[in-house]
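The structure under discussion appears below in the form of structure tokens.
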Amino acid sequence: MNNNIVILGTQWGDEGKGKIVDFLSLDSAYVVRYHGGHNAGHTLVVDGKKIVLHLIPSGLLHPNVIGIIANGVVISPFELIKEIKMLKKNYISIKNRLFISDSAPLILPYHIEMDIAREKKLGVNAIGTTGRGIGPAYEDKIARRALRMNDLKDENKLSLRLEEIVDYYNSQLVSFYKHKSINYKTILNNLIKVKDLICDMIQDTTSILFKAIENNKKIIFEGAQGSFLDIDHGTYPYVTSSNTTVGSAITGTGIGPKNLNYILGVTKAYSTRVGNGPFCTETFGKIDDYLSKRGQEFGATTGRKRRTGWLDGVLLRKAVKMNSLSGLCLTKLDILDNLKEIKICTSYKNIGVNNKNYPSFYGFENVEPVYEVYPGWMKSTLGIRKIQDLPKEARNYINCIERIARISVDMISTGPDRFDTIIVNNPFLKID
Ligand code: IMP
């Protein structure tokens, strides 16, 4: 019997997925990253110590877990090495337990320069990307031009292909974007320095997963970003360049949909968004100050201040549908502890002909949120580990989320530590 869980974000990223992956990995054998790149930032607090991961699956902090970076991820070899070294410094060894797909496309310095040059040219219309080269790297993949992990194994071929690609990028960077050019030799020499460290980890990760599934191993598929940053289903063009919704767990790994047994949507008890794009429940002034300071809402990857807002129940309901969610995990509930009133958006005004239950993003700039207002609990919920110990107002708020999103809240996170977690229904036990 398979026992696999997908964990993904239902908002615009930064929902606290890393902590939940880390917590549920205690019971799992494999953790798999399947899309995105080092634009993600997963902050984990273990024994009071903060560790931020960008590429390496969050479950790898447990010594018996095997980590996989699958084909759907775009990988900067240099960032990967940096992260492995950071873990080593923290006495976490990944030797023989991190495998990287031979088909994962590489992110190289020309992608980063192109990302920066494009954002600069867009000016006030910039997407607000993380500047990590994610968009250009996925473009190369779709254009069938990308260098992939397996190419690191053949230095001659790598050198020839790299020269061609750098030429292609330089022509655009210099003539169109009036940006600096890139030196192909520097990239090649730097790649040669790190490739041997990486080559040992390169594998056909789809086969590894097939075998794990045949042997009934528990697997966690770790999503990055959030549902409304999805390239197809998000607030386009203010999105990332991968599919952040559940389909990526299949295409980004090579396994079939029947192997995904429980899909957990992680939702912050309020909303945040980094970068530009519509955000109709956005808060300003005192509430924004409160949420960003108390919630430490600063990007784990770029350090940028996140925009904050009330929970958008309408979008949450859509995320439940788009991802076939099995249950929700509500995070950062404790951040709301000192608010007298808590709002949740339950419908929209000015939505026009758009579907009220499951709106699309055409005309979304004009929608106005309609809120239900709930009394706050004005007590600390930090570190509470049993649902019955939550103040009744907090339980009320959770019931309201379940009603609006039409799904059960199966887990609640009440603090940054791994064990500051309430399990209402254990996802592993909920799988029939
Ligand atoms: P990109 O993924 O760097 O191209 O950025 C595109 C958009 O996605 C920008 O608004 C970023 O701020 C946002 N984004 C990308 N990764 C994350 C993440 O891990 N958390 C939150 N927002 C993200």
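Order of listing sets the numbers, starting from 1, for every ligand and every atom in it.
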What about [X]: any of its N or O atoms under 3.5 Å from an N or O on ligand 1?
X	value
Gly13	no
Thr130	yes
Arg132	no
Arg304	yes
Ser241	no

Protein contact to [atom] [nearest heavy atom, distance to 0.1 Å]:
atom	result
atom 6 (C) of ligand 1	Val239 O, 3.3 Å
atom 2 (O) of ligand 1	Thr240 OG1, 2.6 Å
atom 17 (C) of ligand 1	Gln225 CG, 3.5 Å
atom 5 (O) of ligand 1	Thr129 CA, 3.3 Å
atom 20 (N) of ligand 1	Asp14 OD1, 3.2 Å

Subject >> Numbered atoms and elements of ligand 1 in range of Gly128, under 4.0 angstrom, heavy atoms >> reply: 9 (C), 10 (O), 11 (C), 12 (O)

Subject >> Enumerated ligand 1 atoms positioned under 4.0 Å from heavy atoms of Gly275 >> reply: 10 (O)

Would you be so kind as to tabulate the donor-acceptor pairs closer than 3.5 Å made by side chains of residues 68-84, with sequence neighbours excluded?
residue, atom, partner, partner atom, Å
Asn71, OD1, Thr253, N, 3.3
Asn71, ND2, Thr251, O, 2.9
Ser76, OG, Phe78, N, 3.4
Ser76, OG, Glu79, N, 3.1
Glu79, OE2, Lys82, NZ, 3.3
Glu83, OE1, His54, N, 3.0
Glu83, OE1, Leu55, N, 3.2
Glu83, OE2, His54, N, 3.2
Glu83, OE2, Leu55, N, 3.0
Glu83, OE2, Ile56, N, 2.8

**OP:** For side chain to side chain donor-acceptor pair (under 3.5 Å), just list the numbers for Ser408 and Asp410, CA-CA rounded to whole Å, side-chain angles, deciding distance to a tenth of an Å, and then say yes or no.
**Re:** CA-CA 6 Å; Ser408 63; Asp410 286 346; 2.9 Å; yes

Original post:
Of all residues at least two apart in sequence or in a different chain, which pass the side-chain hydrogen bond (donor to acceptor under 3.5 Å, both in side chains) check with Arg148?
Top reply: none

Subject >> Matching residue for Tyr348 among Phe361, Tyr358, Phe364, Tyr371 - test: ring pair (Phe, Tyr, Trp, His ring centres under 6.0 Å) >> reply: Phe364

Subject >> Residue that, paired with Asp140, satisfies side-chain hydrogen bond (donor to acceptor under 3.5 Å, both in side chains) out of Tyr169, Tyr168, Tyr110 >> reply: Tyr169

Subject >> Residue among Lys268, Arg307, Lys305 satisfying side-chain hydrogen bond (donor to acceptor under 3.5 Å, both in side chains) with Glu297 >> reply: Lys268

Original post:
Among Ile231, Val274, Thr302, whose heavy atom sits nearest atom 10 (O) of ligand 1?
Top reply: Val274

Original post:
For Arg418, which of Ile20, Leu61, Leu44 qualifies under side chain to side chain contact (heavy atoms under 4.5 Å, CB included)?
Top reply: Leu61

Original post:
With a 4.0 Å heavy-atom cut-off (strictly under), which part of Trp12 contacts ligand 1: side chain, backbone, both or neither?
Top reply: backbone

**OP:** Give the contacting part of Leu229 toward ligand 1: side chain, backbone, both or neither, where contact means a heavy-atom distance below 4.0 Å.
**Re:** side chain

**OP:** Using modelled atom types only, decide if a donor and an acceptor are shared between the side chain of Asp230 and the backbone of Thr244 within a distance under 3.5 Å.
**Re:** yes

Original post:
Between Trp12 and Phe279, is the ring centre distance below 6.0 Å?
Top reply: yes

Original post:
Between Phe428 and Ile5, does a side chain to side chain contact (heavy atoms under 4.5 Å, CB included) hold up when you go through it step by step?
Top reply: CA-CA 8 Å; Phe428 280 122; Ile5 298 180; 3.5 Å; yes

